[in-house]
Amino acid sequence: MQFSFIDGGVTAAQGFLANGILNKIKASRTTNDTALIYSEKVCNAAGVFTQNRVKAECVKLTRDHISNGKAQAVIANSGNANACTGSEGYDNANKEAVAVAAKMNINSDDVLVLSTGVIGQQLPVEKILNGLDKLADGLSKEGHKEARIAIMTTDTHYKEVALETTIGGKTVRMGTMAKGSGMIHINLGTMLGFITTDCAISSQMLEKALRISAAGTYNCVSIDGDTSTNDSLLILANGMAGNAEITSEGADFDAFVEALNALNTEMAKKIAADGEGATRLVTCNVVGADTVENARGLAKAVICSNLVKAAFFGADANWGRILDAMGYSGFFFTPEKTSVSFLSREGAKRYFENGEQNGGKENKIKVFDHGVPLNFDEDLAKKILTEEAVDILVELEDGKASGTAWGCDLTYDYVKINGDYRT
């Protein structure tokens, strides 16, 4: 499939506008904290949400509103999670939906509401409502630049991607923005994510595509082992590309999923690389597993291990921790047929994109081979492990399935950031 990455984030697709403004939801905030995304036409929509038993009030409302597979606008704020706030919190989220609907002359059930920030404080909804005219009146194609900032919390930079491809003979665009830096773990290990597309696809197939894609992208990210009360990933499709609507599986559906995977994979890597306090992106690739489920499960176990994460912070080639994490994961593999290597970014590119088995002599180092430890060059290992992006390659001989997970190192700064987050 051919596709190209383009600029534009959530407004790259036809018919989508966005904006972001500062409402001072959190008194110390100096950058935008409220975002609005709007489609000129009602969209087919789908979402996946946190698996935390404690769910934010805005998540509850958004699940209710999206249950009919339709949406036209999304309003989101940072600085306050509107979580653990009871009926008042739900009412506040609903007030946002009603106000946006009245302003944009749309149905309030077609407005989705998301929040992120401190848990357990009532949302100062009047600040959002008072700023709504400015927020809505400023909607534009360039507004993705303001919106992408408004959803950030401890993120060190904004996260957005867009791409263009051909589906059903028509040019289709897809764009996304997300926030996520801490409180991120497997099982929608994300944050807040917003995907927009002008592809024509039914709500049923849109949800199916989103779940397929999330399983191998967002659900394979872990920063700190905490699953947020607010995790949400939304997708809106307004059909303005003019392709024949995708209503069943087939070539067009497969092309849509492939493009969505490309988009979400880029975002998964951006989130993992920007983990709170992180100094490097850590990717674990498991190849040669008997099933995709086992490959992903093993990769996730490695990424989630605090001991592995700490070793990467110290650039210590302590591969034993990798085997240990795989061993207690509960997923099948044969230790005696397992090999482990570390690759630099260049080494990973050569290995996975160009098919160079050695990945380049200075970019790949094997430390464990078929169940036996190797005498390896510690200096070279240190050199590879101090790069800002490092790959763990776990080679099995149990089958032909593969899986990937993304994470980061565990640093002193993670504790500093979260020690006084509320105050």
Check your understanding: With sequence neighbours excluded, what pairs up with E142 under the salt bridge (charged side-chain N to carboxylate O under 4.0 Å, His left out) test?
Key -> K145
**Study point:** K170 atom NZ: more than 12 heavy-atom contacts under 6.0 Å
**Key:** no
Check your understanding: At their closest point, which heavy atom of V48 faces which heavy atom of L210, and how far apart are they?
Key -> N-CD2, 3.9 Å
Revision key, fill the gap. So CZ of R280 and SG of C408: to nearest 0.5 Å the spacing works out to 10.5 Å
Point to revise | Heavy-atom neighbours of E245 CD exceed 12 at 6.0 Å | key: yes
Exercise for review: Answer yes or no: does atom CD of Q122 have more than 12 heavy-atom neighbours from other residues, nucleotides or ligands under 6.0 Å?
Suggested key: yes
Practice item. I would like to know whether E395 and K337 meet salt bridge (charged side-chain N to carboxylate O under 4.0 Å, His left out); could you show each step before the answer? Key: CA-CA 8 Å; E395 297 173 284; K337 296 180 180 180; over 6 Å; no
Check your understanding: Step by step, would you call I235 with L260 a side chain to side chain contact (heavy atoms under 4.5 Å, CB included)?
Key -> CA-CA 10 Å; I235 185 166; L260 186 59; 4.0 Å; yes
Please list, one pair per line, the donor and acceptor atoms closer than 3.5 Å that link side chains of residues 312-330 to other protein atoms, with sequence neighbours excluded.
| residue | atom | partner | partner atom | Å |
| --- | --- | --- | --- | --- |
| R321 | NH1 | L307 | O | 2.8 |
| S329 | OG | M326 | O | 2.7 |
| S329 | OG | F331 | N | 3.1 |

**Study point:** Flag if over 12 foreign heavy atoms under 6.0 Å of NZ, K134
**Key:** no
Check your understanding: Can a salt bridge be assigned to the pair D155 and K159 using a cut-off of 4.0 Å between side-chain N and carboxylate O?
Key -> yes
Listing, residues 6-16 side-chain donor-acceptor contacts under 3.5 Å, not counting sequence neighbours, or none:
| residue | atom | partner | partner atom | Å |
| --- | --- | --- | --- | --- |
| T11 | OG1 | G8 | O | 3.0 |
| T11 | OG1 | K141 | O | 2.6 |
| Q14 | NE2 | M240 | O | 3.4 |

Check your understanding: Going through the checks in order, is the side chain to side chain contact (heavy atoms under 4.5 Å, CB included) test met by D110 and H65?
Key -> CA-CA 6 Å; D110 291 337; H65 282 197; over 6 Å; no
Revision key, fill the gap. Separation between CG (L234) and OG1 (T62), nearest 0.5 Å, reads 6.5 Å
